[in-house]
Engineer: 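Following this message is one structure expressed as structure tokens.
Atom set for the values below is all heavy atoms of this structure, side chains included, hydrogens, waters and symmetry mates excluded.
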Amino acid sequence: MSVRVRFAPSPTGHLHIGGARTALFNWLYARHTGGKFILRIEDTDVARNTQEATEMILEGLRWLGLGWDEGPLTGEATGPSTGDRGPYFQSQRRENYLRRVEALLSRDMAYERDGAIRFRMRREPIVFHDLIVGEVRRELTDREAEDPDFVIVRSDGKPVFHLTNVADDLEMGVTHVIRGEDHLSNTPKHIALFEAFGVQPPKYAHIPLILNADGTKMSKRDRGASLKMYMEEGYAPEALVNYLVLLGWSPKEDRQFFSLDELIERFDLSEVLRHNARFDLAKLQWMNGQYLSRMEEDRFVELGVHAFARAGLDPGRYPPGYVKAALRTCRNKIKTFGELPEYAGFYFKERLDYDPEAEEKFFTPENRELLERLRETYANLDEWTPGYLEAQLKNLAGLLNIKPAALVHPLRLACTGRRVGPSLYHLMEVLGKETVLRRIDEALARIPPQTPTA
RNA sequence: GACCCCAUCGUCUAGCGGUUAGGACACCACCCUUUCACGGUGGCGGCACGGGUUCGAUUCCCGUUGGGGUCGCCA
């Protein structure tokens, strides 16, 4: 039987980073086995669900590159979808649930109490085999020992998660349930429900959770818990995917980088680890930087431009060749595109703002003459290449009997307003002679005059 | 509290009875260097603890401790 897996998020907020990894594992398993990846929206709790949240989920999955074979096409519950087992919104499947409940009721496998409908849960422990965890034998908790039955339809008539989840998995022909380990303890309920419906339950694979760096549970409120942050802060989706897949799964090779095709080929449930993993932003950043360094130039430029635009700068007003050259000087320098506006915003600003500390340190009366000499030197050049600019600066440093760095720092500040940035000589080449000279003049205008020596 | 899962450097992991316990990130030092980074070289750093089993345990079993999860008319 061909594999059918699903990602079934509840649209209560942004797509959680843990949810993103669950989706990724499902997607990879489907692709690896040649099966289908289904997206189902579990929006049964109307009070907490929003269309906007659903759209965030779709957008997030698309951004990651995790396309679904069946599921909604838009965030609208009654909107279009793909696949023949829809609707893919639980809010649209009410009839199915009620039919299932009727079936249970008629066979006395469920009963009504206080207006809610409860499922007659088995009193004995349930043993099942999890593809990742292995044999799981769950005893009843003391609370369950008191009353193991659980609500499947609330008194307001709304079906509850356990019921909808199982009913849909059944009707959508889901063969493997790959989900977070937080559902492990729910599994006996689900198995009992499947059996009550007279069918074999699907295979289960509970993947370990992603924890915060300090080992605590990652909650919605934690910074970094939302996929949105990574989308906004300039991460490359392929880097995030690469990082995420290595949290809780190991290809057992001494490599860190895997293309999507390689992942599809290698990924299997049998190598999913059994213990939780902490999220390490530093490693993600390193990995993202590596991806940025290897990225196709056109894409790097495109994403770079987008990052500048997000910060209110407008590279679109500059010639494409200039933009491209400017971004080229940032290659191998930044780890995320989010750093770009601060790192290289000077390319797209008519008026520079200056780092106050750097200004205090380098725009000093003593440096005024150095900048003037630099300006004079550069004003007379008719060749404007990095190598030549560097040679001229070093030559001047030699004449003045000072270290090149003494010139480099004030000059960088004058050109960029910052003390760090791309290669000075390359950035000057991109800026062009006219702009460089103008910026030196502007810097000079900010430097207090040389105090007369007493 | 009950129940379930888990446990190798700070972090992600390799290891599946005998290894100088390997790699990556991070950190430190040095080199490269106009800054920052990249890159290169080297270093620091780990089998949670206690019992077994065994000629021999990181590895198998039990317990303890610790972490996580679940116990809802949320999903």
Side-chain angles (χ1 to χ4, degrees), chain A residues 8-12 42-45 47-49 90 113-118 125 130 132-134 136-146 148 150-162 164-165 179-189 206 208-211 213-218 243 246-257 273-287 289-290 293 330-335 339 343 358 389-390 393-394 397 403-409 411-413 416 418-428:
Chain A
S10 174
T12 54
E42 306 217 331
D43 58 343
T44 52
D45 187 0
R48 292 168 56 191
N49 297 150
Q90 292 195 326
R113 193 171 92 196
D114 301 330
I117 298 173
R118 306 177 144 251
D130 186 281
I132 293 166
V133 184
V136 178
R137 175 191 168 87
R138 238 214 73 174
E139 306 284 343
L140 300 181
T141 66
D142 52 5
R143 242 217 89 264
E144 289 167 338
E146 256 174 56
F150 57 93
V151 171
I152 52 176
V153 181
R154 305 191 297 204
S155 52
D156 65 0
K158 293 278 186 337
V160 166
F161 163 73
H162 300 300
T164 60
N165 188 269
R179 58 181 9 172
E181 198 201 81
D182 49 342
H183 285 296
L184 190 61
S185 295
N186 288 329
T187 304
K189 289 190 174 87
H206 287 91
L209 268 20
I210 298 179
L211 271 24
D214 64 1
T216 56
K217 185 190 183 184
M218 207 182 240
Y243 175 71
L246 259 17
L247 278 188
W249 173 77
S250 171
K252 307 196 188 307
E253 285 180 61
D254 275 344
R255 305 168 49 184
Q256 315 298 320
F257 296 96
L273 283 320
R274 296 171 65 163
H275 57 269
N276 294 164
R278 302 186 188 199
F279 194 89
D280 183 4
L281 187 61
K283 185 164 184 181
L284 203 213
Q285 285 177 337
W286 165 78
M287 184 164 271
Q290 296 291 318
S293 296
C330 301
R331 276 306 268 266
N332 302 319
K333 297 287 194 174
I334 54 168
K335 286 184 173 163
E339 298 166 39
Y343 190 77
L389 291 168
E390 178 174 3
L393 183 141
K394 286 186 170 164
K403 288 184 190 170
L407 294 172
V408 163
H409 294 296
L411 178 58
R412 169 183 292 283
L413 186 61
T416 71
R418 299 287 182 275
R419 54 201 307 177
V420 300
S423 160
L424 177 61
Y425 310 110
H426 289 84
L427 119 218
M428 287 169 65

Engineer: Distance between the C1' atoms of B:rC49 and B:rG66, in whole angstroms?
Structural biologist: 10 Å
Engineer: From CG of A:Leu140 over to P of B:rC71, roughly how many Å is that when rounded to an integer?
Structural biologist: 14 Å
Engineer: What is the nucleic acid contact for A:His206, judged by heavy atoms within less than 4.0 Å: base, sugar-phosphate only, or nothing?
Structural biologist: nothing
Engineer: Under 4.0 Å from OP1 or OP2 of B:rA75: is there any side-chain N or O of A:Thr164 that close?
Structural biologist: no
Engineer: With the side chain counted from C-beta on, respond yes when A:Pro208 and A:His275 share a heavy-atom pair under 4.5 Å apart, and no when they do not.
Structural biologist: no
Engineer: Counting distance only, does the side-chain N/O of A:Asp43 pair as donor-acceptor with the main-chain N or O of A:Gln90 below 3.5 Å?
Structural biologist: yes
Engineer: What is the nucleic acid contact for A:Asp114, judged by heavy atoms within less than 4.0 Å: base, sugar-phosphate only, or nothing?
Structural biologist: base
Engineer: So do the side chains of A:Ser250 and A:Leu273 get within less than 4.5 Å of each other, counting heavy atoms only?
Structural biologist: yes
Engineer: For A:Arg255 and A:Asp280, find the nucleotide of RNA chain B closest to each by heavy atoms; which residue's nucleotide sits nearer the 5' end?
Structural biologist: A:Asp280
Engineer: Could you check whether any side-chain N or O of A:Arg419 sits under 3.5 Å from a backbone N or O of A:His409, counting only pairs where one atom can act as donor and the other as acceptor?
Structural biologist: no
Engineer: Taking only N/O atoms, report every protein-nucleotides 66-70 of chain B pair under 3.5 Å with atom names and distance.
Structural biologist:
{"from": "B:rG68", "atom 1": "O2'", "to": "A:Asn276", "atom 2": "OD1", "distance (Å)": "3.1"}
{"from": "B:rG69", "atom 1": "N2", "to": "A:Ser185", "atom 2": "OG", "distance (Å)": "3.3"}

Engineer: Say you pick atom C1' in B:rU20 and the same atom in B:rC60; how far apart are they, in whole Å?
Structural biologist: 25 Å
Engineer: If you only use heavy atoms from C-beta on, which nucleotide in B:rU13, B:rC4, B:rA26 is closest to the side chain of A:Ala277?
Structural biologist: B:rU13
Engineer: Between A:Pro159 and A:Leu246, which residue's closest nucleotide on RNA chain B lies nearer the 5′ terminus?
Structural biologist: A:Leu246
Engineer: Check every strand shown and say whether A:Arg137 touches a base, only sugar-phosphate, or nothing at a heavy-atom separation below 4.0 Å.
Structural biologist: sugar-phosphate
Engineer: Give A:Gly180 one of three labels, base, sugar-phosphate or nothing, depending on what nucleic acid heavy atoms sit under 4.0 Å from its own.
Structural biologist: nothing
Engineer: Between B:rC9 and B:rC3, how many Å separate the two C1' atoms, rounded to a whole number?
Structural biologist: 33 Å
Engineer: Is A:Lys189 positioned over the aromatic face of A:Phe150, cation under 6.0 angstrom from the ring centre and no more than 45 degrees off axis?
Structural biologist: yes
Engineer: Under a 3.5 Å cut-off for both contacts, is B:rA21 paired Watson-Crick or G-U wobble with anything, and if yes, with which nucleotide?
Structural biologist: none
Engineer: Side chains of A:Ile132 and A:Glu181: closer than 4.5 Å at any heavy-atom pair?
Structural biologist: no
Engineer: Roughly how far apart, to the nearest Å, are B:rC32 and B:rC36 at atom C1'?
Structural biologist: 14 Å
Engineer: Could you tell me the separation between the OH atom of A:Tyr243 and the P atom of B:rU13, rounded to a whole number of Å?
Structural biologist: 8 Å
Engineer: Indicate, with a heavy-atom threshold strictly under 4.0 Å, whether A:Leu273 touches base, sugar-phosphate, or nothing.
Structural biologist: sugar-phosphate
Engineer: Would you confirm whether A:Arg255, through its side chain, and A:Phe257, through its main-chain N or O, come within 3.5 Å as a donor-acceptor pair?
Structural biologist: yes
Engineer: Could you give the CZ-to-C1' distance, from A:Phe279 to B:rC12, as a whole number of Å?
Structural biologist: 11 Å
Engineer: Between C1' on B:rG10 and NZ on A:Lys283, what's the gap in Å once rounded to a whole number?
Structural biologist: 13 Å
Engineer: Quick one: does A:Trp286's side chain get under 4.5 Å of A:Tyr243's, heavy atoms only?
Structural biologist: no
Engineer: Between the protein and nucleotides 41-44 of chain B, list every N/O to N/O distance that falls short of 3.5 Å.
Structural biologist:
none

Engineer: Which parts of nucleotides 29-39 of chain B does protein reach within less than 4.0 Å, heavy atoms only, written one letter per nucleotide 5' to 3' as B for base, S for sugar-phosphate only and - for none?
Structural biologist: -----BBBBSS
Engineer: Can you check the distance between B:rA21 and B:rG46, where both ends of the measurement are the C1' atom (answer in whole Å)?
Structural biologist: 9 Å
Engineer: Between A:Arg179 and A:Thr187, does any side-chain donor sit less than 3.5 Å from a side-chain acceptor?
Structural biologist: yes
Engineer: Taking C-beta and beyond as the side chain, do A:Leu393 and A:Tyr425 meet within less than 4.5 Å on heavy atoms?
Structural biologist: yes
Engineer: Let me know the distance between CD of A:Glu146 and P of B:rG1, rounded to the nearest Å.
Structural biologist: 17 Å
Engineer: I'd like the P distance from B:rG10 over to B:rG45, given in whole Å.
Structural biologist: 10 Å
Engineer: Check for a donor-acceptor pair, side chain of A:Asp114 on one end and backbone N or O of A:Ala116 on the other, with a separation under 3.5 Å.
Structural biologist: no
Engineer: Can you tell me how far P in B:rG63 sits from the matching atom in B:rC25, rounded to whole Å?
Structural biologist: 39 Å
Engineer: Tell me the partner of B:rA14, counting only Watson-Crick (N1-N3 plus N6-O4 or O6-N4) or G-U wobble (N1-O2 and O6-N3) with both under 3.5 Å; none if nothing fits.
Structural biologist: none
Engineer: Can you find a heavy atom in the side chain of A:Gln256 that is under 4.5 Å from one in the side chain of A:Gln290?
Structural biologist: no
Engineer: Is atom NE2 of A:His426 surrounded by more than 12 heavy atoms (other residues, nucleotides or ligands) closer than 6.0 Å?
Structural biologist: no
Engineer: Sort out the partner of B:rC73 for me: Watson-Crick or G-U wobble, both distances under 3.5 Å, none otherwise.
Structural biologist: none
Engineer: Hey, does the side chain of A:Thr164 reach the backbone of A:Phe161 with a donor-acceptor pair shorter than 3.5 angstrom?
Structural biologist: yes
Engineer: Could you tell me whether A:Ser250 contacts a base, only the sugar-phosphate backbone, or nothing, with contacts defined as non-hydrogen atoms closer than 4.0 Å?
Structural biologist: sugar-phosphate
Engineer: Would you measure the distance from the P atom in B:rU19 across to the matching atom in B:rG52 and give it in whole Å?
Structural biologist: 22 Å
Engineer: Out of B:rC12, B:rG1, B:rA75, which has the shortest distance to the side chain of A:Phe161?
Structural biologist: B:rA75
Engineer: In whole angstrom, what separates A:Asp142's CG from B:rG1's P?
Structural biologist: 11 Å
Engineer: Using both distances under 3.5 Å as the test, list the Watson-Crick or G-U wobble partner of B:rU41, or none.
Structural biologist: B:rA29
Engineer: Using OP1 and OP2 only, check whether a side-chain N or O of A:His275 sits under 4.0 Å from B:rC12.
Structural biologist: no
